[in-house]
Peer 1: 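The structure under discussion is supplied below as structure tokens; questions concerning it will follow.
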Amino acid sequence: VVNPVVQPPARVRVRVVDQGNQLVDAKVSFIPIVDGKRVEGDGLRRPWLGEGRLGNGVRFFGSHVSAEMHLEVEPGTYDVVASRGPEWSIAEQRVPVESGRETPISMTISHEVDTAGWISGDFHLHQEASFDSGMVFEERIRRILIEGLDLAVSSDHDGIADYGPAVRNVGAQDRLT
């Protein structure tokens with residue numbers, strides 16, 4: 001009889017704030033550390049019963065819109081990186097997290113590039129309406145907000161996407177048109 005033991009995940013509570021200590025939109029990446037170095041590729045493909053790994057070395061990824069983020073991650077040590085599009089700084093911290101315990105993480109990013117008079121756009125976005133993307137519309141809207149896009153163009157294959165319902169579901173009607 002095989003009795004596999006799976007250790008409980010670690011829990012993290014992440015706050016990303018600006019210089020005025022106000023919560024801001026942010027994406028947070030968790031890059032695994034092994035032997036004091038960032039793991040290349042997809043985290044050595046160690047077994048983990050949780051979210052799939054991303055091929056760029058990021059083990060976990062979270063996004064939040066002006067709110068505290070709560071995630072479950074594999075126990076270990078991570079370089080945690082917070083960002084908010086090209087106008088903002090990047091914050092990094094090396095953080096150990098333990099099985100079954102919650103670790104609070106607080107990071108500060110600052111607005112560094114004045115883009116008044118300019119617009120930021122992405123003209124090639126795919127989401128669940130396209131056969132080659134599994135991203136749900138609400139997550140696409142959160143990422144559009146986090147990256148600070150002023151213009152977002154859906155380019156789904158063989159279909160027409162309407163961001164309107166997802167914008168309402170995320171509560172971003174006053175931020176996106």
Side-chain angles (χ1 to χ4, degrees), residues 9 11-31 42 50-73 78-93 95 102-177:
R11 296 180 313 280
V12 293
R13 180 172 33 93
V14 184
R15 288 177 50 86
V16 181
V17 297
D18 63 14
Q19 291 172 306
N21 204 34
Q22 297 297 308
L23 287 167
V24 294
D25 304 341
K27 66 180 176 183
V28 179
S29 300
F30 291 78
I31 305 164
D42 66 350
E51 304 237 354
R53 289 169 167 71
L54 304 171
N56 58 3
V58 173
R59 177 84 45 91
F60 299 98
F61 173 84
S63 60
H64 64 95
V65 178
S66 298
E68 200 169 80
M69 182 186 316
H70 298 266
L71 297 169
E72 289 186 338
V73 300
Y78 297 91
D79 276 351
V80 181
V81 181
S83 63
R84 186 185 178 195
E87 297 179 31
W88 290 75
S89 66
I90 293 174
E92 295 187 47
Q93 286 183 29
V95 179
E102 181 176 84
T103 301
I105 302 170
S106 184
M107 306 177 91
T108 302
I109 59 176
S110 59
H111 191 250
E112 296 182 333
V113 179
D114 180 9
T115 58
W118 294 86
I119 64 168
S120 172
D122 190 331
F123 301 91
H124 192 110
L125 295 170
H126 291 222
Q127 49 277 319
E128 63 186 318
S130 192
F131 68 85
D132 60 349
S133 176
M135 184 177 292
V136 297
F137 282 102
E138 287 76 11
E139 182 61 20
R140 173 59 68 209
I141 295 304
R142 281 189 284 278
R143 293 190 188 187
I144 287 168
L145 292 168
I146 288 165
E147 294 298 333
L149 294 178
D150 300 305
L151 177 63
V153 178
S154 172
S155 59
D156 287 323
H157 297 282
D158 304 322
I160 298 172
D162 179 5
Y163 287 144
V167 168
R168 289 187 292 280
N169 290 345
V170 170
Q173 304 91 305
D174 60 334
R175 298 182 60 192
L176 295 172
T177 56

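Nothing fancy with the numbering, it's 1 onward along the sequence. No experiment lies behind these values; they were computed from the predicted model shown. Below, each value reflects all heavy atoms present in this structure, side chains not excepted, and no hydrogens, waters or symmetry copies.
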Peer 1: Leu125 and Ile144: side-chain contact (heavy atoms from CB on, under 4.5 Å), yes or no, with the steps?
Peer 2: CA-CA 10 Å; Leu125 295 170; Ile144 287 168; 4.0 Å; yes
Peer 1: If you round to the nearest 0.5 Å, how far is CD1 of Ile105 from CZ of Arg15?
Peer 2: 13.0 Å
Peer 1: Which heavy-atom pair separates Ala161 from Gln127 by the least distance, and what is that distance?
Peer 2: CB-NE2, 3.8 Å
Peer 1: Report yes or no: does His126 contribute a side-chain atom to a donor-acceptor pair with the main-chain N or O of Glu128 at less than 3.5 Å?
Peer 2: no
Peer 1: Less than 4.5 Å apart, any side-chain heavy atom of Phe123 and any of Leu151?
Peer 2: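 With C-beta onward as the side chain, the pair touches.
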Peer 1: State the CG-CZ distance between Leu71 and Arg13, to the nearest 0.5 angstrom.
Peer 2: 12.0 Å
Peer 1: For Asp18 versus Gly20, what's the shortest heavy-atom pair and its separation?
Peer 2: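 Looks like OD1-N, 2.9 Å.
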Peer 1: Check whether any side-chain heavy atom of Val95 sits under 4.5 Å from a side-chain heavy atom of Phe30, and report yes or no.
Peer 2: no
Peer 1: Please name the pair of heavy atoms, one in Met69 and one in Ala26, separated by the smallest distance, quoted to 0.1 Å.
Peer 2: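 Heavy atoms of Met69 and Ala26 come nearest at CE-O, 4.5 Å.
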Peer 1: Look only at the side chain of Ser89 and the backbone of Ser110, and say whether a donor-acceptor pair between them is shorter than 3.5 Å.
Peer 2: yes
Peer 1: If the threshold is 4.0 Å, N to carboxylate O, is there a salt bridge linking Arg142 and Glu138?
Peer 2: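 Salt bridge: no.
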Peer 1: What pair of heavy atoms forms the shortest contact from Arg84 to Ile146, and how long is it?
Peer 2: CG-O, 3.2 Å
Peer 1: Rounded to the nearest 0.5 Å, what separation is found between the CD1 atom of Ile90 and the NZ atom of Lys27?
Peer 2: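 Taking CD1 in Ile90 and NZ in Lys27, the distance rounds to 8.5 Å.
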Peer 1: Taking all heavy atoms of Met107 and all of Val80, pick out the closest pair and write down the distance.
Peer 2: CE-O, 3.2 Å
Peer 1: Return yes if some donor-acceptor pair links the side-chain N/O of Asp150 with the main-chain N/O of Ser120 below 3.5 Å, else return no.
Peer 2: yes
Peer 1: Between Asp25 and Arg175, is there a salt bridge with N-O shorter than 4.0 Å?
Peer 2: yes
Peer 1: Grab the two heavy atoms, one from Val28 and one from Ala82, that are nearest each other, plus how far apart they are.
Peer 2: CG2-CB, 4.3 Å
Peer 1: Quick one: are Gln19 and His111 in side-chain contact, heavy atoms under 4.5 Å?
Peer 2: no
Peer 1: Please answer whether the main-chain N or O of Ser106 pairs with a side-chain N or O of Gln93 as donor and acceptor at a distance below 3.5 Å.
Peer 2: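 Flag set: sc Gln93 to bb Ser106 pair under 3.5 Å.
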Peer 1: Hey, are the side chains of Leu145 and Val170 touching, using non-hydrogen atoms and a 4.5 Å cut-off?
Peer 2: yes
